[in-house]
Amino acid sequence: MTSSATDQQPTADRDAALIPVGVLGARGRMGTEVVKAVNDADDLELVAMVDDGDWLFNVADAGAQVVVDFTRPDVVMDNIRFCIDNNIHCVVGTTGFDDVKLATIAEWLEAKPDVGVVIAPNFGIGAILLMRFAQEAARFFPSVEVVELHHPNKVDAPSGTAVRTARLVAAARRAAGLPPSPDATADSLPGARGADVEGVPVHAVRLSGLVAHQEVLLGAAGETLTLRHDSFDRASFMPGVLLAVREIGRRPGLTVGIESFLGL
Ligand SMILES: NC(=O)C1=CN([C@@H]2O[C@H](COP(=O)(O)OP(=O)(O)OC[C@H]3O[C@@H](n4cnc5c(N)ncnc54)[C@H](OP(=O)(O)O)[C@@H]3O)[C@@H](O)[C@H]2O)C=CC1
Ligand SMILES: O=C(O)C1=N[C@H](C(=O)O)C[C@H](O)C1
């Protein structure tokens, strides 16, 4: 049997190359998948798994250099604060961030210029491309609406991805000088026209059998363009998560979305 270059390295050197990773929300739907993906990666080492009720200090005690957070919008800020204070880079998939929360994280990071935090509403490559395509298309169409469709256990609505998509589309429309989308609705039931995100209606569907799906509907005289992405399995988020884990040590400060990690 031939031995590889890695096999010939002394054990200490080989282990030194592994990135020690802690997972927060480790027993959740996403956390379970992340634990599997980290365990399967040759260059990463799972050193801590923390879920609700567990001792957060475990990640620091275990020497995690990077923490992956898929918990809940109401606890994620405390987790990020803890990691920054303990010089641990953060890869955050948990949703629920607004400009105020992002500014708070940026402020915390000022005291720790070597620490990186990436907040990504979606790690799916297809979903990231959908956002980019929607942004590109937005200026050509007077009408646009976003429909997101998810499993019924999701606690937040609309999804973080849909909010980010709507904001990107709204910014592209503003840059192009487009007026508000035409809409003659004068009488409606509450919620019938969706949530208004910077002038873009966002509709949220919760349905058994679904995982995570999104459509951006764009309309002009005599034509429509529908952009759709489907995550049928949470494995779809893992290449993006692992990319962020490997990259975040080289990206100090706050990054929103992994577009720049993908060269987009
Ligand atoms: N960015 C992306 O690509 C994706 C983002 N998400 C987002 O990730 C988040 C998690 O989603 P999902 O995995 O489906 O949710 P789950 O509810 O399945 O998982 C969350 C887990 O975190 C646990 N938890 C709660 N509080 C804490 C805490 N203080 N410390 C550690 N763990 C805690 C929960 O425990 P308990 O159940 O007891 O509360 C649960 O086990 C959501 O915000 C979702 O929108 C999801 C998919 C992809
Ligand atoms: O809760 C989920 O499942 C998902 N949450 C993220 C979001 O809110 O955008 C990403 C993806 O849609 C799956």
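We count ligands from 1, going down the list as the structure has it; atoms in each ligand are counted the same way.
- At a heavy-atom distance under 4.0 Å, no atom of Ser159 approaches ligand 1.
- Follow the hydrophobic side-chain contacts under 4.5 Å out from Leu254 and you never reach Val68; the two are in separate clusters.
- For Met30, a nitrogen or oxygen atom sits less than 3.5 Å from a nitrogen or oxygen atom of ligand 1, counting backbone and side chain alike.
- From the protein, the heavy atom lying nearest to atom 45 (O) of ligand 1 is Lys154 NZ, 2.9 Å.
- Among the atoms of Arg27, none of the N or O lies under 3.5 angstrom from an N or O of ligand 1.
- With ligand atoms numbered from 1 in the order given, ligand 2 contributes 7 (C), 8 (O), 9 (O) to contacts under 4.0 Å with heavy atoms of Gly160.
- At a heavy-atom cutoff of 4.0 Å, ligand 2 is contacted by the side chain of His150 but not by its backbone.
- Residue Thr95 touches ligand 2 through its side chain alone, judged by heavy-atom distances below 4.0 Å.
- Within the structure, the closest approach of Ala120 to ligand 1 falls below 4.0 Å when heavy atoms are considered.
- Heavy-atom proximity to Pro121, at under 4.0 Å, picks out these atoms of ligand 2: 6 (C), 7 (C), 9 (O), 10 (C).
- Contacts between Ala212 and ligand 1 below 4.0 angstrom, taking non-hydrogen atoms only, are absent altogether.
- When Trp55, Phe70, Phe123 are ranked by how near their heavy atoms come to atom 8 (O) of ligand 1, first place goes to Phe70.
- In this structure, of Val59, Val23, Asp51, the residue bringing a heavy atom nearest to atom 35 (O) of ligand 1 is Asp51.
- Using modelled atom types, one finds a donor on one side chain and an acceptor on the other under 3.5 Å when comparing Ser231 with Ser236.
- Contacts with ligand 2 closer than 4.0 Å are made by heavy atoms of both the backbone and the side chain of Ser159.
- More than 12 heavy-atom neighbours from other residues, nucleotides or ligands sit within 6.0 angstrom of CG on Asp98.
- Some N or O of Asp52 is nearer than 3.5 Å to an N or O of ligand 1, by distance alone.
- Of the charged side-chain nitrogens involved, at least one lies within less than 4.0 Å of a carboxylate oxygen, so that Arg81 and Asp85 count as a salt-bridged pair.
- Side chains of Ser181 and Asp183: no donor on one and acceptor on the other come within 3.5 Å.
- With hydrogens and angles left out, the side-chain atoms of Thr165 and Gln214 include a donor and acceptor closer than 3.5 Å.
- Note: no N/O pair closer than 3.5 Å links Val211 and ligand 2 by distance alone.
- Val35 is connected to Val91 through a chain of hydrophobic side-chain contacts under 4.5 Å among Ile, Leu, Val, Met, Phe, Trp and Tyr, so both are in one cluster.
- The option with the heavy atom closest to atom 3 (O) of ligand 2, from among Lys154, His151, Arg29, is His151.
- Residue nearest to atom 12 (P) of ligand 1, selected from Arg29, Met238, His150: Arg29 (by heavy-atom distance).
- Between Phe82 and Phe57, the gap from one ring centroid to the other is short of 6.0 Å.
- Interface atoms of ligand 1 facing Asn122, defined by a heavy-atom separation under 4.0 Å, are 1 (N), 2 (C), 3 (O).
- Contact annotation: for Glu148 versus ligand 2, there are no heavy atoms closer than 4.0 Å.
- For Val200 against Ala166, the heavy-atom pair with the smallest separation is CG2-O, 3.8 Å.
- Within a 4.0 Å radius of atom 1 (N) of ligand 1, the protein has at least one heavy atom.
- Protein heavy atom at the shortest distance from atom 25 (C) of ligand 1 is Arg72 CD, 3.5 Å.
- By heavy-atom distance, the residue among Ala244, Gly28, Ala26 lying nearest atom 19 (O) of ligand 1 is Gly28.
- A salt bridge links Glu259 and Arg164; the closest N-O separation between the charged side-chain nitrogens and carboxylate oxygens is under 4.0 Å.
- Protein heavy atom at the shortest distance from atom 42 (C) of ligand 1 is Thr95 OG1, 3.9 Å.
- Residue Val75 has at least one heavy-atom neighbour below 4.0 Å for each of these atoms of ligand 1: 26 (N), 27 (C), 28 (C), 29 (N).
- Just one residue in the list His213, His203, Arg206, Lys154 forms a side-chain hydrogen bond (donor to acceptor under 3.5 Å, both in side chains) with Glu148, and that residue is Arg206.
- In this structure, Arg234 does not count as a contact residue of ligand 1, since none of its heavy atoms falls inside 4.0 Å of the ligand.
- In terms of N/O distances under 3.5 Å, ligand 1 is approached by Pro121.
- Ranking protein heavy atoms by distance to atom 7 (C) of ligand 1, first place goes to Gly93 O, 3.5 Å.
- The protein heavy atom nearest to atom 22 (O) of ligand 1 is Gly25 CA, 3.4 Å.
- Here the heavy atom of the protein found nearest to atom 10 (C) of ligand 1 is Thr71 O, 3.2 Å.
- Looking at Asp51, its side chain does come within 3.5 Å of a backbone N or O of Ala26 through a donor-acceptor pair.
- Between Glu198 and Arg173 there is no salt bridge, since no side-chain nitrogen of the basic residue lies less than 4.0 Å from a carboxylate oxygen of the acidic one.
- Polar contact with ligand 1: absent for Gly31 (N/O pair, distance under 3.5 Å).
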